[in-house]
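The structure appears below as structure tokens.
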Amino acid sequence: MGKNPVYAEVYIDRPVKELDRPLTYRIPDQLQGQVRPGMRVQVPLGRQGRVQAFVTAITDQRPPVQVRDIIGLIDREPIIDEELLGLARWLADYYVCPLVTAIHTLVPPGKKNSGGTLVALTPRGWAYLNQQDDEEEEAGLEMLEWLAARGGEADAPSLRAMFRSQGQQVLKKLQAAGLVQVEQFKMVGEKGTGKLGIYPAFPPEELAVHLLSLSPRASKSRQALTVACAVPGLTVKELAARAEVTESVIRGLLDKGLLCQKAISLQAEQPERKVVWPRLTPAQQAAFQTIEESIVKGRRKKFLLFGVTGSGKTEIYLRAIASCLERGQTAICLVPEISLTPQISARFKERFGADVAVFHSRLSLRERHLEWQRIKEGKIKVVVGARSAIFAPLQKLGLIIIDEEHETSYKQDVTPRYHAREVAQERARRTGATLVLGSATPAVETFYRAQQGEFTLLTLAERIDDRPLPPVTVVDMRQELAEGNRSIFSRELQEALRHTLQRGEQAILFLNRRGYSTFVSCRSCGYVLRCPACDVTLTYHSSDQTVRCHYCEHREPSPALCPRCNSRYIRYFGAGTQRVAEEFAREFPGVSWQRMDVDTTSRRGAHETIIQNMLEEKIQVLIGTQMIAKGLDFPKVTLVGVISADTSLNVPDFRSGERTFQLLTQVGGRAGRDVLPGRVIIQTYSPEHYSILRAVEHDYPGFYREELELREMLGNPPFSYLVRLLLSGPREEEVIRGSQLICDWLQPGLQADQSLLGPAPAPLSRLRGQYRWHLAIKGPELEGLRSLGREVLQKWSKQRSGEVRLVLDIEPVSLL
DNA sequence: AGCACGCCGACT
DNA sequence: GTCGGCGTGCTC
Ligand SMILES: [Zn+2]
Ligand SMILES: [Zn+2]
């Protein structure tokens with residue numbers, strides 16, 4: 001037996017400051033050579049018999065203390081490779097969190113095993129734990145709590161390690177009681193044992209013909225057929241998931257004889273695909289070539305692809321990815337969750353077939369796990385997904401793309417509060433990959449960095465085929481009111497709608513606020529309905545006559561009488577999308593419309609249906625929130641009406657101007673994307689605001705200059721860095737006392753060029769029953785602020801903090 | 001975080 | 001006298 005490395009450095013799987021350091025254990029003889037970094041093991045810890053830990057290094061250094069033996073392995077293979085382990089270290093350091101928290105972020109649950117069984121709490125299981133009457137026997141309760149402690153699920157190896165042989169019996173009981181569910185994962189590679197796979201019933205080159213033979217309405221069928229050709233041999237379920245269609249669609253195709261079923265063979269990958277690669281415009285070509293050169297030469301360059309809406313950025317991404325694959329490398333493309341639509345998926349799958357995996361939030365645990373496993377096995381070369389896809393375990397990563405890089409959803413809102421853009425830069429740096437950030441409205445910070453030379457700026461100033469950007473008009477709603485128009489539609493918008501509809505074209509009405517009204521108030525006494533748990537007003541929802549909180553789950557029937565004075569004069573103020581829809585229906589009777597916001601798209605498939613209805617022109621007007629502002633491409637939409645540009649303008653955050661400009665530009669970009677010319681009408685009470693004026697002119701550089709000047713004057717990012725400390729707890733006095741205490745800790749340690757803001761109540765001063773106060777520290781470089789934050793966190797954990805929680809937010813994107 | 005040790009109050 | 005409260009300290 002080899003003499004040297006006999007020790008393993010491990011991190012105990014507990015997210016606590018005191019254990020956020022490596023502990024050394026001896027590798028017992030029978031495990032020699034099997035333990036590798038990235039594996040989970042069981043070790044004894046103090047008086048605890050066995051706990052889970054991550055191996056981070058193998059060493060022959062004997063520590064200057066008594067060492068104990070590793071008890072056993074949980075994994076046969078590392079669940080995280082060394083490159084990603086390094087990235088996890090960076091993440092923990094940059095965002096100030098325990099290493100194990102970072103590791104869990106990189107390897108989300110459901111992926112922590114290599115085939116086998118996954119045990120998860122059912123909703124009933126969760127409910128059971130919450131009501132906590134102790135009917136369940138000791139052992140069962142223990143297992144439920146153990147599961148809850150790790151986010152509600154665990155794989156079989158960990159479960160076995162923790163509960164030994166008796167675990168099986170307990171598990172059976174819980175499963176029978178419906179408190180847990182057990183999901184069976186196939187080991188990848190064992191696919192095809194007797195199962196039937198779906199194959200196209202024609203040679204792949206005939207795909208186009210058969211696609212045309214289908215009814216123009218049968219978009220789902222086309223989708224399924226395309227995927228079946230690209231990835232033959234999937235089971236019905238797998239194909240349904242991958243093509244994002246229901247199983248009935250596939251059965252229909254089987255009946256039509258377009259697909260057939262036969263035993264799955266481990267045949268060679270699908271034959272050559274014939275895909276049409278559209279010609280690039282000269283501007284696209286130039287940008288693409290610059291990116292390609294970086295990929296080819298391994299120049300590990302960073303680009304900002306700044307292209308107006310409709311300039312064809314996606315096509316450049318696709319080319320760059322293809323070029324990457326040709327060189328045997330792999331690629332990640334991040335897309336905001338909100339624009340991760342079936343259309344986008346289809347576009348990638350059409351080009352890259354079985355090489356691509358699309359991660360969207362609707363994937364089940366099993367599907368997610370399957371794809372993750374395929375990535376690890378090298379079967380997937382392109383990963384498309386939202387924020388967390390940045391951690392996809394691809395080997396030989398050559399390219400990272402972040403579409404709509406300014407989107408704030410790239411920042412995680414729980415610890416570790418990482419920004420995928422920052423992680424991407426770091427991962428690109430470590431792997432030598434080329435980085436491409438794309439946007440029509442880059443984040444001010446990003447554009448600033450490009451100006452500083454940190455990114456190479458690639459510009460697409462024109463829409464493809466010389467289509468013009470839509471002209472934008474602003475309507476001053478104060479004027480409108482003064483002239484006696486009390487409708488939420490200005491006369492100009494009404495007029496424009498009428499013309500658009502007469503021409504048989506489509507329109508989008510945008511308002512970034514869902515529900516019917518923004519607040520409900522009593523005319524007699526002025527009482528305003530508020531959420532009992534949050535410091536916000538309740539929104540009226542006309543669909544079921546409830547008032548709801550948009551920050552928590554609270555909802556109640558809308559009162560008929562004022563709760564304070566019993567008056568019947570309850571009135572609804574301010575407009576949301578429901579009210580827009582109602583007023584639209586009244587003013588334009590007979591015109592078909594649909595609303596699209598979280599309330600109408602929560603049902604699976606609802607989102608797709610609405611988009612399909614728009615494309616098929618079953619509806620003429622789409623009324624919606626954010627959701628309709630991003631990335632949708634409806635050729636016949638020629639009018640975009642922004643009901644109110646003021647919602648995002650009035651948010652108390654130094655980035656609200658930027659948000660407003662971005663939102664207006666993005667939503668305006670939905671108009672006139674095809675051959676029909678479009679126009680945009682923006683209604684506002686602040687027509688002189690620079691964000692609005694610049695959006696009207698499609699003038700990003702102008703906006704950027706003005707915004708930058710403001711930021712410089714106020715010393716805000718990118719001229720400084722920010723770290724936010726947020727305290728929350730059920731009793732306000734404690735929270736205030738806590739923030740005062742932290743203020744006292746920070747004050748003396750500040751450098752001359754650092755400053756402390758607050759403590760102050762957060763703009764959202766109460767959320768889900770928790771009072772919230774915050775402080776922010778500002779300084780010329782991040783590391784100084786970070787170490788101040790670290791110190792505070794350290795001190796905080798050492799003192800009895802009651803029920804007050806403290807979280808650090810490095811480079812926050814929102815100060816709400 | 002767990003888990004044990006330890007030192008003070010109100011029970012059989 | 002002891003059962004049990006949770007403050008404090010440590011974990012290779
Ligand atoms: Zn009243
Ligand atoms: Zn609430």
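By convention in this document, chain letters (A, B, ...) are assigned in the order of the sequence lines, proteins followed by strands, and residues within each chain are numbered from 1.
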Just to be sure I understand the rule, does [X] reach a base, reach only the sugar-phosphate, or reach nothing, if contact means heavy atoms closer than 4.0 Å?
| X | answer |
| --- | --- |
| A:R47 | base |
| A:Q66 | sugar-phosphate |
| A:R21 | base |
| A:E18 | base |
| A:V16 | base |
| A:I12 | nothing |
| A:P15 | nothing |

Quick one: does [X]'s side chain get under 4.5 Å of [Y]'s, heavy atoms only?
| X | Y | answer |
| --- | --- | --- |
| A:F391 | A:V423 | yes |
| A:V43 | A:I71 | no |
| A:L722 | A:L785 | no |

Rounded interatomic separation in angstrom, taking [atom1] from [X] and [atom2] from [N]:
| X | N | atom1 | atom2 | answer |
| --- | --- | --- | --- | --- |
| A:K17 | B:dG2 | NZ | P | 18 Å |
| A:Q48 | C:dC10 | CD | P | 16 Å |
| A:I71 | C:dC12 | CD1 | C1' | 13 Å |
| A:I58 | C:dC12 | CD1 | P | 18 Å |
| A:Q52 | C:dT11 | CD | P | 22 Å |
| A:R14 | C:dC12 | CZ | C1' | 15 Å |
| A:E9 | C:dT11 | CD | C1' | 16 Å |
| A:L45 | C:dG9 | CG | C1' | 13 Å |

Testing C:dT11, C:dC12, B:dG2 for proximity to the side chain of A:L19, the answer is C:dT11
Other residues, nucleotides, ligands: >12 heavy atoms within 6.0 Å of A:Y94 OH: yes
From the options A:L775, A:I742, A:I777, select the one residue that forms a side chain to side chain contact (heavy atoms under 4.5 Å, CB included) with A:V792. A:I742
